[in-house]
Amino acid sequence: MKESLLEILRCPLDKHELELEDAEYADDEDADEDEVVSGTLVCTECGERYPIEDGIPNLLPPDMREETPA
Amino acid sequence: MKESLLEILRCPLDKHELELEDAEYADDEDADEDEVVSGTLVCTECGERYPIEDGIPNLLPPDMREETPA
Amino acid sequence: MSVREEFDDWATSGRDKGMEDRHWNTAKHALARMPVEPGDTILDLGCGSGYAGRALRDNAEAGRVYGLDGSPEMARNATEYTDDSDVGYLVGDFDSLPFADDSIDHVWSMEAFYYAADPHNTLEEIARILRPGGTFYCAVNYYEENVHSHEWQESIDVEMTRWDREEYRRAFREAGLRVAEQDNIPDRETTIPDASAFPTEDWDTREDMVERYREYGTLLTVGVAP
Amino acid sequence: MSVREEFDDWATSGRDKGMEDRHWNTAKHALARMPVEPGDTILDLGCGSGYAGRALRDNAEAGRVYGLDGSPEMARNATEYTDDSDVGYLVGDFDSLPFADDSIDHVWSMEAFYYAADPHNTLEEIARILRPGGTFYCAVNYYEENVHSHEWQESIDVEMTRWDREEYRRAFREAGLRVAEQDNIPDRETTIPDASAFPTEDWDTREDMVERYREYGTLLTVGVAP
Ligand SMILES: Nc1ncnc2c1ncn2[C@@H]1O[C@H](CSCC[C@H](N)C(=O)O)[C@@H](O)[C@H]1O
Ligand SMILES: Nc1ncnc2c1ncn2[C@@H]1O[C@H](CSCC[C@H](N)C(=O)O)[C@@H](O)[C@H]1O
């Protein structure tokens with residue numbers, strides 16, 4: 001994801017802003033902007049944490065996020 | 001025109017309500033409501049008069065209403 | 001020449017019915033999209049023969065439909081074509097709409113809006129009379145992208161406004177309407193002859209005629225009062 | 001079964017591309033109606049393979065397009081199908097949209113809305129994130145009038161909402177959206193075999209298949225934030 005998505009992305013639970021932690025960026029010289037490959041989005045209000053994996057943020061509410069049961 | 005049209009019809013110039021004068025009604029027993037065949041609509045504010053002929057009200061602004069020049 | 005002189009003439013020579021036949025091919029698709037609820041009040045601006053209002057009463061359970069036209073002869077013809085007492089026609093001008101604020105649920109106009117002497121003012125008038133959430137369905141065949149329509153002005157003595165798609169959207173917004181959709185509705189029914197028939201009286205090439213009807217068709221812009 | 005389990009499966013078995021092919025026949029006509037201005041931000045709810053966002057970037061000069069899907073595998077596939085850095089995909093749920101108030105110009109959703117666990121709440125979420133005047137283009141093939149779709153629920157483990165046209169309009173209004181249009185967009189491209197081919201595996205009669213595709217097609221309801 002592009003870092004600018006943070007401007008409109010919010011915590012799905014309480015709609016507060018998110019902060020990016022532990023960000024790793026793609027080393028793409030052509031990119032006009034920072035492309036986040038992995039990291040964590042943390043709600044500035046409730047502290048809930050949302051993972052970014054392979055550049056895709058997962059903003060599912062925590063109770064829908066758990067792995068598929070076996 | 002049906003008399004109920006008066007509820008939403010207004011003077012084209014100042015948008016004030018219109019009053020129906022000299023109304024003649026169709027003698028149609030099936031009609032559920034009074035059908036005005038001729039009469040005059042008079043603006044309650046500016047006094048401008050608009051004719052109803054053959055059941056059709058003419059709400060053109062007065063300067064557009066005059067007969068076709070020869 | 002005035003709207004009245006030009007179009008009274010069309011009405012008495014039967015062109016109102018000819019337009020109805022041609023315009024219906026695309027108008028019916030636009031009319032079918034209108035979110036009319038039972039009992040709604042609908043206004044048809046530049047109604048001509050008045051077919052749109054009759055169709056909305058027959059198919060969409062509209063409560064009352066009024067057709068406004070600047071030509072007394074058009075309004076007279078339209079009145080004669082129906083005996084539905086919930087359809088009414090009146091004479092009036094696009095730039096001075098004789099209706100109360102917030103009194104209309106939907107405004108429809110087919111091939112007429114661009115004759116307004118001051119189209120920006122007409123849009124403001126439409127925004128004024130529509131209730132919040134009411135829609136304006138504005139359908140035109142005469143517009144900038146439809147190059148095949150440009151010459152129409154030559155044979156009509158009323159000045160016509162030729163906006164492009166973007167100018168329609170911008171003008172709607174300037175008048176306070178939200179733009180909900182813009183679409184070209186193809187006319188799939190006008191018969192287009194085989195290539196061997198071209199040039200015809202009206203068309204140099206078959207490609208032009210296909211482009212005019214099947215591709216450009218009618219430009220519909222839908223505005224919503226906020 | 002959860003949305004995630006059901007649709008991760010679809011994504012890994014390639015059904016995302018199959019849907020794209022079938023849905024494109026009608027989706028392209030609905031997308032073409034959207035009043036997108038250069039630079040607009042668009043959100044595709046239940047994006048599947050993500051084709052709608054890519055099309056809006058290529059044809060409508062949309063500024064940024066985001067596709068949201070409850071299935072991580074769908075979002076992963078969609079990401080792989082493009083290298084346009086102004087198209088982004090994310091995982092999320094219809095009932096808890098992770099966007100700021102008034103942050104989106106247009107919301108698009110094709111064949112996905114009715115999977116929402118609480119569709120009324122989803123509509124409120126959409127009304128919340130749309131800026132004033134923003135539109136919601138909601139396209140569905142599964143709805144009450146399309147009787148040929150009713151059986152689909154049998155083969156899908158996620159509960160589906162089957163509203164009729166009027167229920168869509170009413171629910172939009174209850175959520176505070178204005179209804180600007182409702183339309184059936186025919187699918188004119190799906191091949192319908194000769195009468196002699198019926199019954200087929202999926203269709204008893206040719207009439208049914210014609211009705212399903214050429215008549216019912218896709219139901220589009222367009223809402224506008226006031
Ligand atoms: N300024 C104006 N005010 C009111 N009516 C006008 C007008 N300018 C043109 N018209 C009317 O608009 C109509 C355009 S012709 C289209 C008629 C009809 N809607 C149809 O689809 O066939 C004519 O009947 C003409 O009299
Ligand atoms: N509650 C929910 N939240 C987010 N996405 C959901 C959802 N329920 C279903 N979906 C997603 O909606 C999609 C429906 S399939 C349609 C995909 C695509 N719009 C197309 O036209 O082909 C699936 O990808 C599914 O994962």
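Chain A is the first sequence line, chain B the second, and so forth, proteins listed ahead of strands; every chain is numbered from 1. Note that the structure is predicted; figures quoted are calculated from it, not measured.
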Side chain, backbone, both or neither: which part of [X] has a heavy atom under 4.5 Å from chain B?
X      : result
C/I129 : neither
C/R76  : both
C/S2   : neither
C/Y89  : backbone

Legend entry - side chain to side chain donor-acceptor pair (under 3.5 Å) against C/W10, all qualifying residues, sequence neighbours excluded: C/E6
Legend entry - All side chain to side chain donor-acceptor pair (under 3.5 Å) counterparts of C/D183, not counting sequence neighbours: C/R33, D/R33
Legend entry - Greatest number of heavy atom pairs closer than 4.5 Å to chain B - which of C/S96, C/P98, C/S103, C/A100: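 Sorted descending by pairs with chain B, the first entry is C/P98.
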Check ion pair [X]-[Y] (N to O, under 4.0 angstrom):
X      : Y      : result
C/R64  : B/E7   : no
C/R170 : C/E167 : no
C/E125 : B/K15  : yes

Inset, instruction - Would you mind checking which part of B/P61 comes under 4.5 Å of any heavy atom in chain C, side chain (CB onward), backbone (N, CA, C, O), both or neither? - result: side chain
